[in-house]
Amino acid sequence: MKKSASKFVGENKQFPLTSEEINLIAELGFMAATNGFVVPAIRIFQGLLVLRSDHSFPYIGLAVARLYAGAFNDAVRVLREDAAPVRRDREEIELYLGLALHLAGQPIEAARVLCALFDHGELDTNQRLLAESVLLQIKGGIPQSAWPSPARVVDLQALAGINS
């Protein structure tokens with residue numbers, strides 16, 4: 001049985017991976033990041049960036065790896081500068097930008113970014129929970145340890161269903 005290239009990979013015939021294969025690779029990247037294997041996680045997401053630079057998930061993965069390494073300003077740079085041309089899933093990029101800004105010691109800018117998401121974005125339940133948790137932390141309402149894991153908020157199944 002012949003494999004068909006997924007919507008995730010689009011028309012790139014050099015990388016005929018299915019969306020399930022892309023999801024597995026992305027999940028491995030997030031697992032690596034959350035378990036302290038930051039360099040392998042970054043390499044995984046750099047590879048995914050080659051496959052799909054017009055989607056948000058490789059940039060979010062690169063940022064999440066940096067967040068888990070404590071490189072908060074670098075995560076902000078990835079999301080602000082590197083992901084700037086990405087138009088798909090801007091809300092998700094902005095969600096992680098808000099988190100990274102807060103962790104980088106820029107709570108006012110983080111609150112501005114996250115509040116704008118509530119005004120204009122369409123966040124799912126998990127994304128809304130993360131955004132609300134960060135905003136409550138900024139206001140001093142909940143400890144950072146009570147936040148949902150940022151790597152678990154990424155909805156890889158939804159990302160795989162995006163049309164090219």
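What you see is a predicted model, and the numbers here were worked out from it, not measured in a lab.
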Between atom [atom1] of [X] and atom [atom2] of [Y], what is the distance when rounded to the nearest 0.5 Å?
X: Leu117; Y: Ile93; atom1: CG; atom2: CD1; value: 11.0 Å
X: Leu95; Y: Ser56; atom1: CG; atom2: OG; value: 10.5 Å
X: Glu132; Y: Phe118; atom1: CD; atom2: CZ; value: 4.5 Å
X: Tyr96; Y: Leu67; atom1: OH; atom2: CG; value: 9.0 Å
X: Leu17; Y: Arg52; atom1: CG; atom2: CZ; value: 12.0 Å

Transitively linked via ILVMFWY side-chain contacts under 4.5 Å: Phe37 with Ile44? no

Kindly work out whether a path of hydrophobic side-chain contacts (I/L/V/M/F/W/Y, heavy atoms less than 4.5 Å apart) joins Val38 to Ile25.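 Yes; tracing contacts between hydrophobic side chains, which count when under 4.5 Å, links both residues.
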
When you measure from the side chain of Thr34 to the backbone N and O of Met31, does any donor-acceptor pair fall under 3.5 Å? yes

Under 3.5 Å: donor-acceptor pair, side chain of Glu21, backbone of Thr18: yes

Pairing residues for [X] by the side-chain contact (heavy atoms from CB on, under 4.5 Å) criterion, not counting sequence neighbours:
X: Ala104; answer: Phe72, Asn73, Val76, Gln106
X: Arg112; answer: Glu109
X: Ala41; answer: Ala32, Ala33, Ala65

Tell me which pairs pass salt bridge (charged side-chain N to carboxylate O under 4.0 Å, His left out) where either residue lies in residues 64-74, with sequence neighbours left out.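 Matches after skipping sequence neighbours: Arg66-Asp74, Asp74-Arg77.
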
Quick one: which residue pairs count as a salt bridge (charged side-chain N to carboxylate O under 4.0 Å, His left out) with a foot in residues 33-50, not counting sequence neighbours?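 Output for this query is empty, none listed.
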
Find out whether [X] and [Y] are in side-chain contact, i.e. whether some heavy atom of one side chain is under 4.5 Å from a heavy atom of the other.
X: Gln127; Y: Glu91; result: no
X: Phe45; Y: Val64; result: no
X: Asp82; Y: Leu62; result: no

Side chain to side chain contact (heavy atoms under 4.5 Å, CB included) between Thr125 and Arg128, worked out: CA-CA 5 Å; Thr125 303; Arg128 182 172 290 279; 5.8 Å; no

If every non-hydrogen atom of [X] is compared with every non-hydrogen atom of [Y], which pair is closest and at what distance?
X: Leu79; Y: Ala100; answer: CD1-CB, 4.4 Å
X: Ile138; Y: Ala110; answer: CD1-CB, 3.9 Å
X: Ala84; Y: Arg87; answer: O-NH1, 3.2 Å
X: Arg90; Y: Ala83; answer: NH1-O, 2.8 Å

For Tyr59, give me all partners under ring pair (Phe, Tyr, Trp, His ring centres under 6.0 Å), at least two apart in sequence or on another chain.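 For Tyr59 there are no ring pair (Phe, Tyr, Trp, His ring centres under 6.0 Å) partners, ignoring immediate neighbours.
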
